[in-house]
Amino acid sequence: MDGRHLSSSKLWAPAARQQSRTVTHMDYKYTLLDSGGDDYRKRPLLLQVDQAPLNLFAVLQVKPELPRRWSAPGCFRKVRLCGVFLGVAVTFVIMASYILTGDRKDLLLTPSPYHHLVNPPGPFAFNLSSVKDYAHLQLVVKSIVSKVEFHSARQLPELKALVRSEQHMFSVIPRQFLPGFRNPCWYEEYAGNVTSTPYRANLYAHYARRFRAVFQHLRDTFQKHLRSRDGKLYRIRCLPYFYIIGQPKCGTTDLYDRLRLHPDVKFSTFKEPHWWTRKRFGIIRLSEGFHDRYPVEDYLDLFDQAAHLIQGSLAANDSGTPSRPDVIIGEASASTMWDNNAWVYFYDNATTRGEPPFLIQDFVHALQPDARFIVMLRDPVERLYSDYLYFGIANKSAEDFHEKVSESLQLLDGCLADSMLRSCVYNTSVNNAMPVRLHVGLYVVYLLDWLSIFSREQILVLRLEDHASNRKYTMHTVFHFLGLGPLSQPIESELNRSPASNSRRPADKDLGPMLPATQRVLHHFYAPFNRKLAQVLHNDAFLWDSKP
């Protein structure tokens, strides 16, 4: 850490501191599909034609059309139609050339040139249509399982390499934090105009209307929280003490809502900043390409309300001892544990065999080696279906889910034919092409990478099934993990009485469960990953073996 520059962060009383269908020779009609849908499904898909990968701006719908005879009356009309198609094709090529040669920040999030979808020989070759034959799909899963190997821990990057890749972030956050507090906070010199506030430029302030009132309050009270020392002005800054890092559709919202009831727990301005995984790289929605990167200052602003509370508890005590030293700040982005998809656009993988040289947890550890993390998991089969229902586009159905699962399994099998497991799990092209997020349920792959740098005592892993059956027990487990005191009786009653948050919508419930065949296929697919997870956590409950 000696290479850090701390010109903007001066501390008071510093102490040591504690992320095919096979194409035949037929005539085809190509039409653009509707672009509506959720974020991760809007991204471009990498298709293969004659073994060569091709990046398209939209997914093409392939419709076989039998050859028809040309009649004299319709000949002229068909010639005109061909001319129209030719014009569209030329326009398409021109647009592709423009975008693919444009500035990086304007590029669509197309699959990386470092990662290509493999078209392996044999019966499991990748094709453009879903495999509906159950026996064939079983063979695909068997092929995948036969290639699953869990290797030793990855090689950790050196600190100087991390600092070199994110120099600004390491210059803003200091090496030491204020003594007397459990939460990592420090005083930062404010060199701006005292009559103005820094929040007007915050990119999160433009994120949604509902956050504007919060930032307006921060602007109105900014000067009040400035402190003067030796003729200089300082503002308090804080990072979270703990992070809820995953997984999506596993009950993280319910956990977040119940944790907020504890008087000593404060959270960021809103639940999911996604800074470490997305905003830091300028990603707002995957379909929109890159925007301006959110600086670390904008992220820290999200904790200013809680930081002001901590500052107030320090100022309220004449002895200089904090009146509420146990107040801690949390952050709950369910992408933190698994989403490293941006790495391929910013980091060189020349020496890492197609794997990310840096992961989110490397940066978090370098800044906060004592941070704590909470992970909520559920049966990955049910998680995937819930994810599909929540984020899925129109015309959702159990049959559609089955087809999307089939396509995703083929993509993973194709990747594993040429690459190791970790490379495929972190393969941005494969992840972006999957119509359902199959990879998110490979919990143990991500957990092992987190445990390669953080101790087991710093990561609490829960099951949604246990939380749903006994919320009181799981919440007290979380309170103990975070070192929080007991709740008052009224708050305890509210904690146990509140209904579950972010439960399945009525319209999605009406679709019913997934097909039994889909459930069996997914159960067999996830089984080896669940076995490894149960082994790592020394808890057979993570086998989720009640399914067929």
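Here the structure is a predicted model, which means the values were calculated and not measured.
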Is the cationic atom of R372 (NZ for Lys, CZ for Arg) positioned less than 6.0 Å from the six-membered ring centroid of Y243 and within 45 degrees of its normal? no
Looking only at heavy atoms, which two atoms of V440 and Q247 are closest? And how far apart? O-NE2, 3.0 Å
Distance check, rounded to the nearest 0.5 Å: E158 atom CD versus D362 atom CG? 12.0 Å
How far apart are the closest heavy atoms of L409 and I144, and which atoms are they? O-CD1, 3.4 Å
Flag, side chain of S406 to backbone of H402, donor-acceptor distance under 3.5 Å: yes
Y256-F267 aromatic ring centre distance below 6.0 Å: yes
Please assess H274 against Y294 for the test side chain to side chain contact (heavy atoms under 4.5 Å, CB included), listing each intermediate value before the final yes or no. CA-CA 11 Å; H274 294 299; Y294 286 40; over 6 Å; no
Under a 3.5 Å distance rule, please check whether S408 uses its side chain to pair with a backbone N or O of K404 as donor and acceptor. yes
Taking all heavy atoms of L302 and all of P273, pick out the closest pair and write down the distance. CD1-CB, 3.7 Å
Nearest non-hydrogen partners of L482 and L259, listed with the distance: CD1-CD2, 4.1 Å
Side-chain H-bond candidate by donor/acceptor type, Y426 with D449, under 3.5 Å: yes
Are F215 and Y204 an aromatic pair by the rule of ring centers under 6.0 Å? no
Consider only side-chain N and O atoms of Y199 and D304, and report whether a donor and an acceptor are under 3.5 Å apart. yes
For the residue pair V327 and K266, what are the closest heavy atoms and their distance? CG1-CG, 4.1 Å
Using the salt bridge (Lys or Arg N to Asp or Glu O under 4.0 Å) rule, take D339 and R437 through it: C-alpha gap first, then chi angles, then the decisive distance, then the call. CA-CA 11 Å; D339 190 352; R437 300 194 292 187; over 6 Å; no
Minimum heavy-atom distance L460-F481, with the two atoms named: N-CZ, 3.7 Å
Can a donor-acceptor pair be found, under 3.5 Å and without considering hydrogens, that links the side chain of K396 to the backbone of L389? yes
Short side-chain to backbone donor-acceptor contact, D298 and L203, under 3.5 Å: yes
According to the interplanar angle, ranging from 0 to 90°, do the rings of F529 and F525 count as parallel (below 30°), tilted (30 to 60°) or perpendicular (above 60°)? tilted
List the steps and the verdict of side chain to side chain contact (heavy atoms under 4.5 Å, CB included) for E382 and M514. CA-CA 9 Å; E382 296 300 326; M514 71 183 80; 4.1 Å; yes
With rounding to the nearest 0.5 angstrom, report the SG to CG distance, C424 to N431. 9.5 Å
Quick one: CG on L156 to CD1 on I453, what's the gap to the nearest 0.5 Å? 5.5 Å
How are the rings of Y299 and W275 set relative to one another: parallel (under 30°), tilted (30 to 60°) or perpendicular (over 60°)? parallel
Ring centers of F281, F346 separated by less than 6.0 Å: yes
Just verifying a value: how many Å separate S386 OG and L464 CG, rounded to the nearest 0.5 Å? 9.0 Å
With distance as the sole criterion, is a donor-acceptor pair present between the side chains of E331 and S333 under 3.5 Å? yes
Q155 CD: over 12 foreign heavy atoms closer than 6.0 Å: no
Residues two or more places apart in sequence or in another chain: which of them pass side-chain contact (heavy atoms from CB on, under 4.5 Å) with T474? D466, H467
Between Y385 and Y390, is any pair of side-chain heavy atoms under 4.5 Å apart? no
Exam field: side chain E465 to backbone R378, donor-acceptor pair closer than 3.5 Å: no
To the nearest 0.5 Å, what is the distance between CG on L377 and CG on L533? 6.5 Å
Determine whether I374 and V461 make a side-chain contact, defined as any pair of heavy atoms from C-beta on separated by less than 4.5 Å. no
Between Q458 (side chain only) and P369 (backbone N and O only), is there a donor and an acceptor less than 3.5 Å apart? yes
Run the numbers on D400 and S397 for side chain to side chain contact (heavy atoms under 4.5 Å, CB included), then give the verdict. CA-CA 5 Å; D400 180 67; S397 68; 3.3 Å; yes
When you measure from the side chain of N427 to the backbone N and O of C415, does any donor-acceptor pair fall under 3.5 Å? no
What distance do C238 atom SG and Q311 atom CD have between them, rounded to the nearest 0.5 Å? 9.0 Å
Output, in order, the C-alpha distance, side-chain angles, deciding distance and verdict of salt bridge (Lys or Arg N to Asp or Glu O under 4.0 Å) for R182 and D370. CA-CA 10 Å; R182 295 179 59 206; D370 298 317; over 6 Å; no
Can you find a pair of side-chain heavy atoms, one from H439 and one from L412, that are under 4.5 Å apart? no
Check whether R235 reaches the backbone of L226 with its side chain - one donor and one acceptor, N or O, closer than 3.5 Å. no
So that I know where these two stand, are F373 and W450 an aromatic pair - ring centroids less than 6.0 Å apart? yes
Using distance alone, with no hydrogens and no angle criterion, decide if E297 and H168 have a side-chain donor and acceptor under 3.5 Å apart. yes
For the rings on Y345 and F290, is their centre-to-centre separation under 6.0 Å? yes
Are D379 and Y526 close enough that a side-chain donor and a side-chain acceptor fall under 3.5 Å? no
Quick one: does Q368's side chain have a donor or acceptor within less than 3.5 Å of a partner on Y241's backbone? no
Taking the side chain as everything from C-beta on, heavy atoms only, tell me whether D387 gets closer than 4.5 Å to F391. yes
P356 versus Y347: any side-chain heavy-atom pair under 4.5 Å? no
Any side-chain heavy atom of V405 within less than 4.5 Å of one from L522? yes
Where the side chain of N340 meets the backbone of L359, is there a donor-acceptor pair that is under 3.5 Å apart? no
Going through the distances and angles, do R278 and S335 end up as a side chain to side chain contact (heavy atoms under 4.5 Å, CB included)? CA-CA 9 Å; R278 300 169 188 173; S335 64; 3.5 Å; yes
